[in-house]
Visitor: 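The structure that follows is given in the form of structure tokens.
Chain identifiers are assigned alphabetically (A, B, ...) following the order of the sequence lines, protein sequences preceding nucleic acid strands; residue numbering begins at 1 within each chain.
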2 protein chains.
Amino acid sequence: MKISTKGRYGLRAMIDLAAYGAAGNPVFLSDIAKRQGVSEKYLEHIFGTLNKAGLVKALRGRKGGYLLQKQPDEISLKEIIAALEGPCSLVDCVSDVKACQKVETCITRDVWKILGKKIEEFLNGYTLSTLVRMQGEKARQDTIMYHI
Amino acid sequence: MKISTKGRYGLRAMIDLAAYGAAGNPVFLSDIAKRQGVSEKYLEHIFGTLNKAGLVKALRGRKGGYLLQKQPDEISLKEIIAALEGPCSLVDCVSDVKACQKVETCITRDVWKILGKKIEEFLNGYTLSTLVRMQGEKARQDTIMYHI
DNA sequence: ACTAATCCTATTATTTTTATAGGAAATAGT
DNA sequence: ACTATTTCCTATAAAAATAATAGGATTAGT
């Protein structure tokens, strides 16, 4: 039960994009990759997925780059993770009843289903703007700590 | 973010063991495997893990089989899943700070940490006896439905 | 001794993850 | 038109994790 690099890198990249693209100007993937310490080539794939999911908008050519498709407070963590990691169904039989014969009687399916819902609700509680704000507060906290 | 077959089969097997071994008599792995529709050879591995984790007790030889190491209401889902799937840390840096350089400043780590805790708490809320009871209720419900 | 159960180690096939590589397509500036 | 710089698309591949299978060793009741 781990988040893959796609989800981890992708989320960090989206926060980066929300922070650095706030003014409405497109952000180069190369810059995000550099700041986040991730291979640009790998990030391309991730942004391809995010693009198809309608979460980012790309401008090609020189002076191109990426923009958020919606406002940071309208993009929930759930959407991002769902796009990159697939739906939060912890077992296949929750989203696809044909995945198991015992669907009707199996109690564990119910438990996994509830937990999946809980995870979704949790992720729905955070938007990109939430995270950007938290990130800012954390950085400031660190600075204060450093000066003491 | 999926539960692997080890976790899925293992949990179902533990519920099975709790239900059929309630009287204190050991249960054959072959019987559990048959009831759960899982390869006996594969279940052996899973029970090896559960054994080392101190969740089940094995009796070898003829008339052998498996017993729960503790009472069904003392075994939480969290213990079972932790034994079979590893700790509920969704990213490595939560349990191992050396896994990433950005640990101090990264806000996503905090989010994953909180979510991991939530999942743990959820799983801690269910014990084997809870699930056996729920299973029983569900079966009864189905029977009633069937008779209508 | 025989039988039936768990235990242990090795092997293997498949799938998923984690990338890398190379070029195509688009666009801004010259 | 040309060039530089960006995203886009497809293919490939190495590594790791998953999902088993196989064969025999060990244990214990009859």
Visitor: So, are E104(B) and R109(B) salt-bridged, with charged N and O less than 4.0 Å apart?
Guide: no
Visitor: Starting at atom CG of L29(A), determine the distance to atom P of dT6(D), rounded to an integer number of angstrom.
Guide: 11 Å
Visitor: Output the rounded distance in Å from CG (L59(B)) to P (dT27(D)).
Guide: 14 Å
Visitor: Scan nucleotides 17-21 of chain C against the protein and return all N/O pairs shorter than 3.5 Å with their distances rounded to 0.1 Å.
Guide:
| residue | atom | partner | partner atom | Å |
| --- | --- | --- | --- | --- |
| dT18(C) | OP2 | T5(A) | N | 2.9 |
| dT18(C) | OP2 | T5(A) | OG1 | 2.9 |
| dT18(C) | O5' | T5(A) | OG1 | 3.3 |
| dA19(C) | OP2 | Y9(A) | OH | 3.3 |
| dT20(C) | OP2 | S39(A) | OG | 2.9 |
| dT20(C) | O4 | H45(A) | NE2 | 2.6 |

Visitor: Heavy-atom distance under 4.5 Å between the side chains of L55(B) and I75(B), does that happen here?
Guide: yes
Visitor: Side-chain contact test, heavy atoms from C-beta onward, threshold under 4.5 Å: evaluate it for I46(B) versus L43(B) and give yes or no.
Guide: yes
Visitor: Name the residue from T130(A), T127(A), L131(A) that meets the side chain to side chain contact (heavy atoms under 4.5 Å, CB included) definition with L77(A).
Guide: L131(A)
Visitor: Can a donor-acceptor pair under 3.5 Å be found between the side-chain atoms of R62(A) and the base atoms of dA4(D)?
Guide: no
Visitor: For the pair made of OH in Y66(B) and C1' in dA5(C), what is the distance, rounded to whole Å?
Guide: 9 Å
Visitor: For the pair made of CG in L50(B) and C1' in dT6(C), what is the distance, rounded to whole Å?
Guide: 14 Å
Visitor: Which residue lies toward the 5' end of DNA chain D, G61(A) or K52(A), if each is placed at its nearest nucleotide?
Guide: G61(A)
Visitor: Report the distance from atom NZ of K57(A) to atom P of dC8(D), rounded to the nearest whole Å.
Guide: 13 Å
Visitor: If an axis is fit to five pairs at each end of the helix from dA1(C)-dT30(D) to dT30(C)-dA1(D), what is the angle between the two, to the nearest 10°?
Guide: 10°
Visitor: When the distance from CG of N25(B) to C1' of dA5(C) is rounded to whole Å, what number comes out?
Guide: 15 Å
Visitor: Considering residues at least two apart in sequence or located in another chain, which fulfil the side chain to side chain donor-acceptor pair (under 3.5 Å) criterion with D92(A)?
Guide: none
Visitor: Look at K70(B) together with E79(B) and state whether they make a salt bridge at an N to O cut-off of under 4.0 Å.
Guide: yes
Visitor: With a 4.0 Å cut-off, would you call R133(B) and E137(B) a salt bridge?
Guide: yes
Visitor: Would you say the side chain of R60(B) and the base of dT27(D) hold a donor-acceptor pair, judged only by whether the two atoms sit under 3.5 Å apart?
Guide: no
Visitor: Side-chain N or O of N51(B) less than 4.0 angstrom from OP1 or OP2 on dC7(C)?
Guide: yes
Visitor: What is the distance, to the nearest angstrom, from the CZ atom on F47(B) to the C1' atom on dA5(C)?
Guide: 14 Å
Visitor: Looking only at the side chains, is there a donor atom on one of T5(A) and Y42(A) sitting less than 3.5 Å from an acceptor on the other?
Guide: yes
Visitor: Categorize F28(B) for me: base, sugar-phosphate, or nothing, with a 4.0 angstrom heavy-atom threshold over every strand shown.
Guide: sugar-phosphate
Visitor: Please check if V97(A) and W112(A) belong to a single hydrophobic cluster, counting links between Ile, Leu, Val, Met, Phe, Trp and Tyr side chain heavy atoms closer than 4.5 Å.
Guide: no
Visitor: Rounded off to whole Å, could you give me the NZ-to-P distance for the K2(A) and dA16(D) pair?
Guide: 16 Å
